[in-house]
Novice: 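Structure in structure tokens, see below.
Quick note: numbers below take in every heavy atom, side chains included, and nothing from hydrogens, waters or symmetry partners. Within every chain, numbering begins at 1; the chains are lettered A, B, ... in the order of the sequence lines, protein sequences first and strands thereafter.
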Amino acid sequence: MVPLNWYLMLSAVVFMIGVFGFLTRRNIIIMFMSIELMLNAVNISLVAFSHYLQDMRGQILVIFIITVAAAEAAIGLAIIIALFRNKDTVHVDEMNEMKG
Amino acid sequence: MEQTIMNNLGFPILSTLIFLPVAGAALLLLISRSNENLIKWFSLIVSIAAFIISIPLFAEFNKSTHLMQFTEKHAWIPSLNINYHLGIDGISVLFVLLSTLITILCVLISWNSIKAKTKEFYISILIMEGAMIGVFCSLDFMLFYLFWEAMLIPMYLLIGVWGGTNRIYAAVKFFLFTLVGSVLMLVGIIVLYYQAGGTFDILELTTKTYPYKLQLWLFWAFFAAFAVKVPMFPVHTWLPDAHTEAPTAGSVILAAVLIKMGAYGFIRFSLPLFPDASKAMTPAMLTLSVIAIIYGAVICLAQTDLKRLIAYSSVSHMGFVTLGIFALNLQGMEGGILQMINHGVVTGALFLSVGMIYDRTHTRQIADYGGVASVMPVYASIFMVFTLASIGLPATNGFIGEFLIILGGFKANQWAGVLAATGIIIGAGYMLWLYQRVFFMETNQKVAGLADINLREIITLLPMIILVFWIGVYPNAFLGFMHESVKHLLERVNSGGMHEAGIAKNILEIIK
Amino acid sequence: MSNYLLIPFLPLAAFLINILFGRKYLKENSHWVSILAVAGSWIVTVATLFDVLAGRVINEDLYSWIVSGEFKVSVGFLIDQLTAVMLIVVTTCSTLIHIYSVGYMHGDKGYYRFFAYLSLFTFCMLMLVMANNFLQLYFGWEGVGLCSYFLIGYYFDKKSASDAGKKAFIVNRFGDFGFGLGIIMIFLTFGTIYYEPVFSQAKGFASQTINFLGYDVHLMTLIALLLFCGSIGKSAQMPLHVWLPDAMEGPTPVSALIHAATMVTAGVFLVARCSPIFSLSETALMIVALTGAITSLFAATIGLVQNDIKRIIAYSTISQLGYMFLAAGVGAYTAGMFHLYTHAFFKALLFLCAGSVMHAMSGELDLQKMGGLKKYMPVTYWTMLFASLSIAGVPGFAGFFSKDEILWLAYSGSSPVGKFVWVIGTVVAFLTAFYSFRLIFLTFHGKFRGTHEQEHHLHESPKAMTIPLVILCIGAVASGWVGIPHLLGGGAHFTEFLKPVLGHPEAHGTHAEEWMVMAISIIAGFSGIGLAALFYLVKTDIPVMLTQKFNAAYKILWNKYYVDELYSFIIVRPAIWTAKNILIGITDARIIEAVVNGVPKGIGEFSRILRKVQTGLLQHYAAIMALGVLIIVAMMLLR
């Protein structure tokens with residue numbers, strides 16, 4: 001049986017990939033995918049805990065997260081498309097309208 | 001503990017008074033924006049209905065007791081022990097009546113002068129009325145605070161939307177000034193809530209005794225809210241701006257009712273809640289009052305703007321009110337309360353009058369006037385009545401209030417009485433000078449050919465004229481309401497929880 | 001029996017009718033309402049006088065006015081001997097002047113307004129004299145001041161008129177400031193402000209002192225002097241006399257009624273009314289006497305050189321009012337009241353004659369442009385001559401008896417300043433005779449000095465004006481006969497009548513001394529007249545020569561001792577300057593507003609710095625977030 005630590009390790013690695021991807025890439029779609037990575041890293045650890053603690057609630061939560069993430073991805077992509085139509089770019093440095 | 005007299009009319013009159021205008025405002029939403037006549041008439045009918053409903057308060061009021069009357073009490077947020085608790089006593093009853101009367105006049109005066117966003121204007125006025133009455137009737141601190149803050153919004157809109165050229169600055173200034181004070185009061189209210197063991201009930205809170213140092217802190221927290229509203233020197237500078245920029249109806253409500261809330265707060269809350277602190281702070285309060293009287297009056301001598309001058313005269317007159325209140329004797333206090341009514345009537349009427357001529361000339365500069373008495377004789381005579389009331393001529397209401405205040409003030413502190421009396425001399429100076437520059441001398445080209453005031457305008461001013469002479473000639477009709485309540489309040493203040501010696505010791509400690 | 005209520009309320013009703021309906025409906029008929037009302041008052045007054053003569057004194061409350069704790073005051077009426085005298089003076093003069101005004105104000109566009117104000121004035125004045133407590137007195141006091149303001153500024157489109165009205169009101173406010181405090185002191189001392197209990201208890205406080213604004217002062221002196229402040233203002237005594245000469249901007253009937261016969265004498269009435277208080281303080285009485293004496297001398301000297309016919313009479317009024325205070329100050333309240341009573345007739349007459357002259361001269365006031373009017377307006381001439389003889393104190397005329405009584409009681413009374421004020425009084429008698437006859441000679445004698453057009457228009461005034469002149473002239477001659485002293489075989493009825501209210505000082509002097517005082521005052525009067533005749537009829541070049549020789553003194557007198565300029569310099573201008581430059585300019589704008597606008601500005605500055613963090617770049621935010629998470633985790637691990 002694979003020990004829990006391994007799953008957590010995997011989860012952490014995927015999460016960090018997501019974080020670094022988000023911080024370093026400038027393409028908004030890749031940043032978006034990085035966010036999905038982070039989300040799923042968390043899902044991995046949730047499922048792992050659920051399995052080892054013999055508690056189904058973790059897995060149910062994961063189903064919910066995936067559902068919400070799907071909705072979020074749909075909206076997010078829609079926004080990105082709208083952005084692209086307006087700006088002709090998906091480069092994030094061009095999008096600093098919120099500058100104080 | 002029977003602290004109140006239940007409603008003796010058979011229906012919840014105070015709730016009706018508060019929510020009738022609010023319901024009227026809601027119904028206004030349903031009326032088409034283009035149907036201006038209907039909007040005006042509907043608002044007028046609602047305000048008159050509210051006034052008619054308020055008349056039983058005057059007629060049925062039991063003058064032989066200090067207890068709260070016409071009370072209503074329902075649980076509102078039980079988990080925090082917040083109740084919907086209403087009631088009035090001899091101190092607040094007259095203000096409820098004043099509010100309902102003033103609203104009618106405000107609707108009438110705006111009849112032709114408000115041309116843009118009419119519907120929203122009347123909605124603001126009606127909501128304002130409900131909130132004002134709510135403030136005077138609330139017996140629960142949370143409810144009180146709710147109404148207190150609710151008043152701000154319509155007033156802010158009145159100034160900010162329908163005001164003069166510099167309206168945004170004035171509106172924001174008004175809002176921020178009052179909000180800063182109110183927030184400090186909110187902190188005070190919460191402290192009181194815990195100190196008194198979890199109650200917001202004003203009647204219950206005012207029977208408890210609080211430690212002297214706490215009283216002192218809370219006194220100043222409440223002072224922040226009330227002094228701004230009064231407005232006392234040195235937090236008065238919002239008033240001239242707000243008055244000058246507000247539309248006529250806004251100025252009238254501001255002068256007649258809104259700034260009374262501050263003085264009312266001192267009487268209703270500061271004195272009975274913190275009797276020892278109030279007594280200890282009397283010298284400071286008297287000083288500030290006297291400064292306000294003289295400062296406001298002298299500054300009037302140099303004003304060139306009609307509304308600004310009347311606004312500064314309000315500072316001076318409200319100085320009299322606070323002087324009377326903090327004289328802490330019967331004459332001063334009754335004079336102070338009566339003077340609040342008087343100031344509401346007289347300054348309200350002055351703003352109404354100025355609004356009438358402003359509608360014709362569209363200038364507030366005194367230099368643009370002159371010789372109006374030849375052109376508009378009826379208007380000039382009526383304005384003279386209010387001028388005289390403002391300078392406290394006997395047989396007008398101003399005299400009764402000012403005389404009692406100076407009598408009370410002199411009793412409390414001779415210097416306060418003497419210096420306050422000088423304010424009356426200066427008052428005569430600036431008001432008569434104003435009258436001379438506007439109404440006398442050669443007719444200015446800008447006012448030549450103006451039409452005299454019409455019937456609607458005369459009807460608007462008529463109630464004020466009646467009140468000026470009614471209070472002046474037979475003030476007992478009004479003083480009679482307050483005797484018992486004021487007596488009871490003064491007993492509370494003067495027999496406060498602590499001995500004089502204890503206070504003195506505490507003051508010494510604070511000074512060290 | 002309460003028809004005495006009609007006395008004040010008839011004129012009030014007339015006022016209401018005129019002010020409400022006069023402009024549109026009554027118009028040229030407004031005078032009927034007012035005249036009928038005031039004549040009605042006069043009739044009731046006469047009936048009441050007989051009641052009082054029969055010894056019935058009325059003291060009743062009408063209704064409770066203000067009640068606040070122990071402070072209780074009613075609208076109430078007291079009609080005793082003193083009030084009766086005032087009532088007669090007020091209603092008689094008022095009636096006659098109402099009638100006179102019908103002719104004088106004929107055709108004026110504010111006709112209804114004028115009569116409305118006159119009626120209101122009569123009402124207030126009657127309330128003043130009939131009050132049975134201090135607050136109602138104060139009501140009447142301010143009320144007459146208000147009417148005076150209205151009537152001085154009657155021609156309100158003239159700047160000088162509206163200025164003068166305003167000045168009168170504000171200067172009076174200075175006096176009323178003290179008066180009001182006096183009423184408050186009375187209440188705090190006696191616990192009531194009704195005359196009767198106050199005066200009956202006053203003796204009990206005779207030696208009490210009180211701490212007033214940090215000074216220990218004699219209580220009765222303090223109260224008396226505070227009340228006297230009111231008198232100074234209303235009766236135009238130094239230093240608050242400045243308003244009265246300017247008040248001549250009003251129509252002449254107003255000057256006659258308000259600024260000669262009735263309102264300005266209210267101050268004297270107040271002192272007489274409060275005689276039980278004043279009598280308890282020697283200091284206060286001394287100040288009253290000295291104020292009166294100095295004012296009367298001061299005003300008389302100014303009167304010598306003025307050229308405006310109404311101003312001369314105005315200064316003469318100030319001077320005569322000083323005389324009355326002089327009398328009250330030496331304890332001779334009855335003599336003061338006697339002079340008030342005779343003065344009302346001859347001074348009202350002088351003013352009305354001046355008005356008649358103005359009427360003929362189409363509004364001209366300058367003496368230098370008159371002359372020789374005698375043949376054009378005989379009635380005016382003779383009545384004015386009699387009035388002048390009366391004021392000059394020629395034996396047999398009303399003014400002689402009252403003036404003589406004042407001088408004798410000043411000389412013989414127990415006041416420490418008695419002899420001094422007697423000397424001043426005698427000098428003033430001489431000056432009065434001089435300037436009064438200067439006025440007569442310059443106006444009615446010699447050659448006409450005006451334009452041809454004016455000369456062409458000269459005419460006697462209509463009947464409505466001359467009849468009141470004649471009636472008043474009878475008063476100016478005969479009103480003094482009710483007070484002929486015992487020395488001349490009279491009964492001094494006037495003094496006897498007022499004795500129950502005012503008392504009467506003991507005269508410490510022999511008959512010989514009394515004859516001497518009388519002789520000196522007669523000589524003073526005649527020499528004044530003689531000198532005036534010499535200067536203005538015989539050797540008309542002497543006055544011109546004198547003004548050139550004593551140019552400095554002449555300048556000072558001509559400019560009324562520069563008092564107006566002084567007040568403008570030390571009060572009016574500094575007040576406005578302070579308001580503009582210090583209160584608005586510094587306190588409001590630089591201090592309070594600096595804080596008010598400074599706090600939001602400071603918050604704005606702070607946020608301007610803080611918002612640099614907001615780069616708008618998503619990754620910056622994310623990095624900061626990640627950093628935050630790291631810090632939190634680190635803190636949790638390291639703990």
Novice: Sort B:Leu393 into side chain, backbone, both or neither according to what part of it lies under 4.5 angstrom from a heavy atom of chain C.
Specialist: both
Novice: Minimum heavy-atom separation for C:Arg173 to B:Gly392, with atom names?
Specialist: NH2-O, 3.6 Å
Novice: Picking from C:Ile19, C:Val67, C:Asp163, which has the most non-hydrogen pairs under 4.5 angstrom with chain B?
Specialist: C:Val67
Novice: So for B:Leu338, is it side chain, backbone, both, or neither that comes closer than 4.5 Å to the heavy atoms of chain C?
Specialist: neither
Novice: So with a 6.0 Å cut-off around NZ of C:Lys601, is the heavy-atom count from everything else above 12?
Specialist: no
Novice: Above 12 or not: heavy atoms from other molecules or residues under 6.0 Å from CD of C:Gln208?
Specialist: yes
Novice: Taking all non-hydrogen atoms of both residues into account, name the closest pair between B:Leu404 and C:Ser68 and its distance.
Specialist: CD2-CB, 4.0 Å
Novice: With a 4.5 Å cut-off on heavy-atom pairs, point out which of B:Phe403, B:Phe233, B:Tyr169 contacts chain C the most.
Specialist: B:Phe403
Novice: Answer with side chain, backbone, both or neither: which region of C:Asp176 has an atom nearer than 4.5 Å to a non-hydrogen atom of chain B?
Specialist: neither
Novice: Which of the residues B:Val486, B:Asn329, B:Leu301, B:Ile391 is involved in the greatest number of heavy-atom pairs with chain C at under 4.5 angstrom?
Specialist: B:Ile391
Novice: Testing the basics here: between B:Phe440 and C:Ser162, what is the closest heavy-atom pair and its distance to 0.1 Å?
Specialist: CD1-CB, 3.5 Å
Novice: Could you grab the distance from atom CD1 of B:Ile425 to atom CZ of C:Phe169, nearest 0.5 Å is fine?
Specialist: 11.5 Å
Novice: Pick one of side chain, backbone, both or neither for B:Leu479, based on which atoms fall under 4.5 Å of a heavy atom in chain C.
Specialist: side chain
Novice: Where does B:Glu334 contact chain C at under 4.5 Å (heavy atoms): side chain, backbone, both or neither?
Specialist: side chain
Novice: Below 4.5 Å from any heavy atom of chain C, which atoms of B:Leu388 appear? Answer side chain, backbone, both or neither.
Specialist: side chain
Novice: Highest number of heavy-atom pairs under 4.5 Å with chain B: which of C:Phe187, C:Phe150, C:Tyr149?
Specialist: C:Tyr149
Novice: Please classify the contact of B:Thr443 with chain C as side chain, backbone, both or neither, using a heavy-atom distance under 4.5 Å.
Specialist: neither
Novice: Taking the side chain as everything from C-beta on, heavy atoms only, tell me whether C:Phe156 gets closer than 4.5 Å to B:Ser374.
Specialist: yes
Novice: Under a 4.5 Å heavy-atom cut-off, does chain B meet the side chain of C:Glu70, its backbone, both or neither?
Specialist: both
Novice: Considering only heavy atoms and a distance below 4.5 Å, find which of B:Gly370, B:Ala373, B:Gly427 pairs most often with chain C.
Specialist: B:Ala373
Novice: Relative to chain C, which segment of B:Val172 carries a heavy atom at a distance below 4.5 Å: side chain, backbone, both, or neither?
Specialist: neither
Novice: Let me know if C:Ile66 has heavy atoms under 4.5 Å from chain B in its side chain, its backbone, both or neither.
Specialist: both
Novice: Heavy-atom pairs under 4.5 Å with chain C are the metric here; pick the option from B:Lys487, B:Met384, B:Met333 that has the most.
Specialist: B:Met384
Novice: If I measure from the heavy atoms of chain C, does B:Trp238 come under 4.5 Å with its side chain, its backbone, both, or neither?
Specialist: neither
Novice: Is B:Tyr430 close to chain C through its backbone or its side chain, or both, or neither, when contacts mean heavy atoms under 4.5 Å?
Specialist: neither
Novice: Which atoms of B:Pro240 come close to chain C, meaning under 4.5 Å heavy atom to heavy atom: side chain ones, backbone ones, both, or neither?
Specialist: neither
Novice: For the interface with chain C, which of B:Glu442, B:Gln331, B:His236 has the highest count of heavy-atom pairs at distances below 4.5 Å?
Specialist: B:Gln331
Novice: Just by distance, do the side chain of C:Trp65 and the backbone of B:Gly472 share a donor-acceptor pair under 3.5 Å?
Specialist: yes
Novice: Please determine, among C:Asn211, C:Asn172, C:Ile183, the option with the most heavy-atom pairs under 4.5 Å with chain B.
Specialist: C:Asn211
Novice: So, for C:Gly69 and B:Leu330, which heavy atoms are closest and what is the spacing to 0.1 Å?
Specialist: CA-CD2, 2.9 Å
Novice: At a 4.5 Å cut-off on heavy atoms, which part of B:Val235 comes close to chain C: side chain, backbone, both, or neither?
Specialist: neither
Novice: Determine the minimum heavy-atom distance between C:Lys159 and B:Gln436, stating which atoms define it.
Specialist: O-NE2, 3.9 Å
Novice: What residue, out of C:Tyr63, C:Phe212, C:Phe177, has the most heavy-atom pairs lying under 4.5 Å from chain B?
Specialist: C:Phe177
